[in-house]
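These notes are about the structure you will find just below.
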Amino acid sequence: MPDRLDAPDLLQLTTHIVEQWVVPTFMVGIDGRLLAWNRACEILTGMPAAQAMGGAYRQAFFGVDRPCLAELLAQGRSAEIARLFPRHRELPGPSAGVHAECWMEMPLRGMERYLAIDASPLRDPAGQLLAVLESLHDTTEHERANARFRRLFESSPDPVWIIEGNRFVDCNDAAVAMLGYRSRHELLNTHPSQLSPSHQPDGEGSFEKAERMMAIAVEQGLHRFHWVHQRADGTPFDAEVTLARIELEGQAAIYCTWRDISDRKRAEDALRLYATVFQHSGEALLITDADNRIVTANAALTRDSGYTLDEIRGRNPSLFASGLTPRENYAELWQALAEQGYWQGELWDKRKNGSVFAKWAVITAVRDPQGRVRNYIASYTDMSQRREAEARIDYLAHHDPLTGLFNRHSLEHRLEQALHTARRDATAVATVFLDIDRFKLVNDTLGHLVGDLLLSEVARRLSSTLRESDVVARLGGDEFVIALTGLSRSADAVPVVQKLHLLLSEPYHLAERVLGVTASLGVSLFPDDGQDVQALMKQADVALYHAKEMGRNNYQFFTAAMTLRATERLELEHDLRHALRLSQFELHYQPQYRLADGSLCGMEALLRWRHPVRGLVPPLAFIGVAEESGLIESLGGWVIEEACRQLAAWRACGQGPPCVAVNVSVQQLRSDKLLEHVRAALQRHGLEGEALELEVTESAAMSKPEEAIERLRALRALGLRLALDDFGTGYSSLTYLKLLPIQTLKLDRSFVHDLETNDNSAAICAATLALAHTLGYAVVGEGVETAAQQEFLRRHGCDMMQGYLLGRPMPAAHWDALWSARS
Ligand SMILES: Nc1nc2c(ncn2[C@@H]2O[C@H](COP(=O)(O)O[C@H]3[C@@H](O)[C@H](n4cnc5c(=O)[nH]c(N)nc54)O[C@@H]3COP(=O)(O)O)[C@@H](O)[C@H]2O)c(=O)[nH]1
């Protein structure tokens with residue numbers, strides 16, 4: 001064999017090789033003539049070599065005279081290669097061959113074949129093109145399999161993806177639609193985590209988790225798991241993902257499918273919720289099957305019945321039956337379930353421990369779409385609890401919750417009935433209004449707990465003393481009302497009222513202390529004082545008011561005169577409203593002296609009303625009304641202003657006491673305006689704080705003591721002197737007493753008045769003086785009328801005194817005249 005073949009030899013040798021070659025191959029010269037057609041070509045196309053060599057070879061493939069790939073390549077007809085063989089590519093390497101794939105008709109064989117065609121140029125040693133060899137590979141089956149796969153891939157209703165190198169390299173239209181993108185090109189070459197929220201519900205990052213899931217799929221061949229994806233608009237959805245390891249054209253890949261399980265998840269969540277509601281429902285719930293065998297029951301049912309679920313599952317609910325439910329009820333129940341699918345009614349059941357109880361049952365039949373009963377659902381409410389609750393509500397609607405006595409509604413109803421009976425039987429009824437004296441003070445000083453205990457004890461005493469037929473009610477606070485019924489005559493009420501009054505004055509042993517409390521009572525009588533409930537209640541209230549006006553701790557029967565007094569009170573309030581504007585008030589001054597040297601240490605300013613008709617009215621006749629009507633604030637303001645003005649006037653003449661004391665009522669003390677009134681008055685009249693003393697009663701200071709302490713401290717900060725008035729009449733708590741910023745205690749005149757005749761009063765005076773001095777307070781003895789009283793106080797170290805013995809309250813002019821005469 002020569003080293004280098006020339007062109008003819010090369011062609012000849014190649015022709016020979018082609019003819020021997022087992023792969024269908026033919027060779028075309030540069031002029032388009034067929035140079036070789038081997039046996040394998042004959043078999044593939046059905047065209048004998050002789051026919052092909054005769055020039056018909058082109059029709060072996062398409063039945064029409066269409067150039068083959070080798071011919072086009074041999075003649076350099078590239079444009080036609082691209083048109084006739086859309087799926088073609090140039091082969092790598094120096095040969096500049098072409099690979100193409102296409103369906104060919106094979107008319108002589110009567111069948112289509114998919115061929116992979118390789119066209120390779122044959123060149124002489126100088127590189128001159130001699131011919132082109134075309135070899136044919138029948139890949140029909142492979143191509144058909146590919147096409148089937150593609151069809152399946154494309155037509156899958158679930159999203160399908162191909163993953164290579166952990167990135168999506170292909171997907172179907174369902175995937176594009178599910179994610180809400182416009183085309184698959186937007187999705188290709190993305191990592192699965194890019195189509196997901198940053199983290200999965202278990203907290204793992206989507207990227208890390210996706211990598212881990214794909215690694216498992218590659219290792220195990222198949223992996224299925226839940227995944228949260230994200231649509232193009234950012235909304236997440238739950239998917240079940242399946243990854244299957246595959247090989248694609250020799251490459252490792254992952255076949256990935258998704259199924260949107262949002263609906264399933266929602267259904268599962270809803271089922272979980274229903275199960276929780278079922279389990280935790282406060283109502284007992286039971287589900288049976290079509291044969292009425294228990295399928296399940298909730299916790300309330302097992303708790304109420306005493307059975308465990310295992311003990312009742314599969315059994316008939318008749319195991320709960322007590323035998324007390326009438327048979328007809330069950331018959332009615334099953335008939336209603338069959339006809340209406342629903343029944344409700346009362347059943348008498350038995351718990352596991354044998355106790356019988358009534359329950360309200362609501363039973364519903366659940367049917368399948370064909371109308372067959374699948375289950376019965378029963379819910380039960382324990383009627384005994386409901387009855388108890390109803391009874392409790394009814395009780396609360398008619399009774400006072402603290403004392404258990406009747407409330408206003410029940411009182412009116414029962415009093416109405418009592419009047420009806422009294423009219424019929426010609427008997428009498430007494431309506432008694434009852435208030436505990438100074439109850440507010442008890443509440444404020446000893447606390448609400450003691451207050452409540454006191455009210456309960458009063459209720460107990462009343463209920464245990466009165467007859468069953470009498471009515472005892474509490475209207476609120478310390479207001480009690482009693483209806484004494486079935487009295488033969490009105491006078492029969494008197495001993496009962498007396499008894500009640502005495503009974504309520506007995507000492508109270510409450511919270512480890514003994515309390516001395518009294519009560520005031522007002523009584524109206526049927527038929528004498530009124531004919532109906534409203535009139536009788538109003539008259540009893542008027543009588544009670546009168547009892548309080550009489551100094552409390554007494555009882556009063558209603559009289560027509562009381563109505564007159566009530567009218568007078570209204571007139572008084574009316575006049576009082578105009579008195580300030582008409583300058584009808586004036587101050588009288590009573591001197592206070594030091595016991596040690598008899599020097600004048602102060603004067604108390606006491607209010608008087610110069611009424612055009614009634615003359616000089618003392619303060620106790622109108623202060624109460626002024627307080628009740630709210631006029632006290634402006635009236636008290638005037639007193640402070642006038643007292644300051646008078647002291648400044650006295651000082652201007654080089655006369656008068658070092659300071660003036662004025663009384664301040666509890667309403668003034670609670671008002672925000674007091675501090676400003678005082679500051680302005682002092683400033684206006686050029687007085688220092690020490691020039692004014694404010695007297696606050698013990699009861700005013702001890703009602704809301706914390707608040708009083710705060711306000712008194714603010715007043716004290718102005719330099720004012722502060723005195724605790726009427727000391728000994730209230731319920732001062734030593735704890736609070738120590739905290740009050742006062743300088744002086746005024747020993748109440750009731751003790752001073754009695755100290756010569758009553759050992760107790762003398763002892764109280766002595767003890768008060770000792771206590772006050774221990775706490776660092778000065779003491780003013782009030783109401784000193786006799787030399788003996790003065791002497792007693794002096795002996796016990798009392799600091800100051802005030803009383804008729806040394807001077808009555810007199811107008812300023814009186815003192816002016818006196819001092820002028822002396823000087
Ligand atoms: N909020 C205000 N209350 C005031 C004001 N002015 C008076 N009052 C209150 O009225 C109470 C009665 O006052 P009054 O009728 O003026 O009686 C005072 C004295 O006249 C009386 N007194 C003084 N010495 C004696 C005596 O020897 N015997 C006796 N039987 N009575 C005497 O005491 C009253 C003064 O007491 P006190 O105030 O406790 O020092 C009076 O108690 C005030 O509460 C007012 O402007 N505002």
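Order of appearance sets the numbers: ligands from 1, and atoms from 1 within every ligand.
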Numbering as shown, the atoms of ligand 1 that approach [X] to under 4.0 Å (heavy-atom distance):
{"X": "Lys746", "value": "40 (O)"}
{"X": "Gly803", "value": "24 (N), 27 (O)"}
{"X": "Ser665", "value": "1 (N)"}
{"X": "Glu782", "value": "36 (O), 37 (P), 39 (O), 40 (O)"}
{"X": "Gly783", "value": "24 (N), 25 (C), 26 (C), 27 (O)"}

Mind checking whether [X] contacts ligand 1 via backbone (N, CA, C, O), side chain (CB onward), both or neither, at a 4.0 Å heavy-atom cut-off?
{"X": "Asp726", "answer": "side chain"}
{"X": "Asn663", "answer": "both"}
{"X": "Glu604", "answer": "side chain"}
{"X": "Leu607", "answer": "both"}
{"X": "Gln590", "answer": "side chain"}

- Query: Is the backbone of Val542 close enough, under 3.5 Å, to the side chain of His546 for a donor and an acceptor to pair up by distance?
  - Reply: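 Flag not set: sc His546 to bb Val542 has no pair under 3.5 Å.
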- Main-chain N/O of Leu525 paired to Asp529 side chain as donor or acceptor, under 3.5 Å: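 Such a contact is found between Asp529 side chain and Leu525 backbone.
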- Query: Which option out of Met801, Gln668, Arg749 puts a heavy atom nearest to atom 21 (C) of ligand 1?
  - Reply: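 The residue whose heavy atom sits nearest atom 21 (C) of ligand 1 is Arg749.
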- Query: Does atom 6 (N) of ligand 1 have a protein non-hydrogen atom under 4.0 Å from it?
  - Reply: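 Yes, there is one.
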- Message: Quiz question for you: does at least one protein heavy atom lie closer than 4.0 Å to atom 36 (O) of ligand 1?
- Response: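 Yes; the ligand atom in question has protein heavy-atom contact below 4.0 Å.
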Flag the pair [X] and [Y] as a salt bridge only when some basic side-chain nitrogen lies within less than 4.0 angstrom of an acidic carboxylate oxygen.
{"X": "Arg713", "Y": "Glu710", "value": "no"}
{"X": "Glu506", "Y": "Arg461", "value": "no"}
{"X": "Arg645", "Y": "Glu641", "value": "no"}

- Query: So which heavy atom in the protein is nearest atom 30 (N) of ligand 1, and how far is it from that ligand atom?
  - Reply: Glu785 OE2, 3.2 Å
- Query: Mind checking whether Pro618 has a heavy atom under 4.0 Å from ligand 1?
  - Reply: no
- Message: Taking a cutoff of less than 4.0 Å between a non-hydrogen atom of the residue and any ligand atom, is Arg608 in contact with ligand 1?
- Response: yes
- Item | Leu587 to Ala643 - nearest heavy-atom pair and separation |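 Smallest heavy-atom distance, with atoms named: CD1-N, 3.7 Å.
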- Task: Output all residues satisfying side-chain hydrogen bond (donor to acceptor under 3.5 Å, both in side chains) with Lys548, sequence neighbours left out; order by chain, then residue number.
- Result: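 Lys548 satisfies side-chain hydrogen bond (donor to acceptor under 3.5 Å, both in side chains) with Asp435 once adjacent residues are dropped.
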- Step through it carefully: locate the ring centre of Tyr555, locate the ring centre of Phe433, and say whether they are under 6.0 Å apart.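 No, the ring of Tyr555 stays outside the 6.0 Å limit from the ring of Phe433, centre to centre.
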- Message: Can you list everything that forms a salt bridge (Lys or Arg N to Asp or Glu O under 4.0 Å) with Asp400? Sequence neighbours excluded, please.
- Response: Arg474
- Can a cation-pi geometry be assigned to Arg808 and Tyr589, taking NZ or CZ under 6.0 Å from the six-membered ring centre and within 45° of the ring axis? no
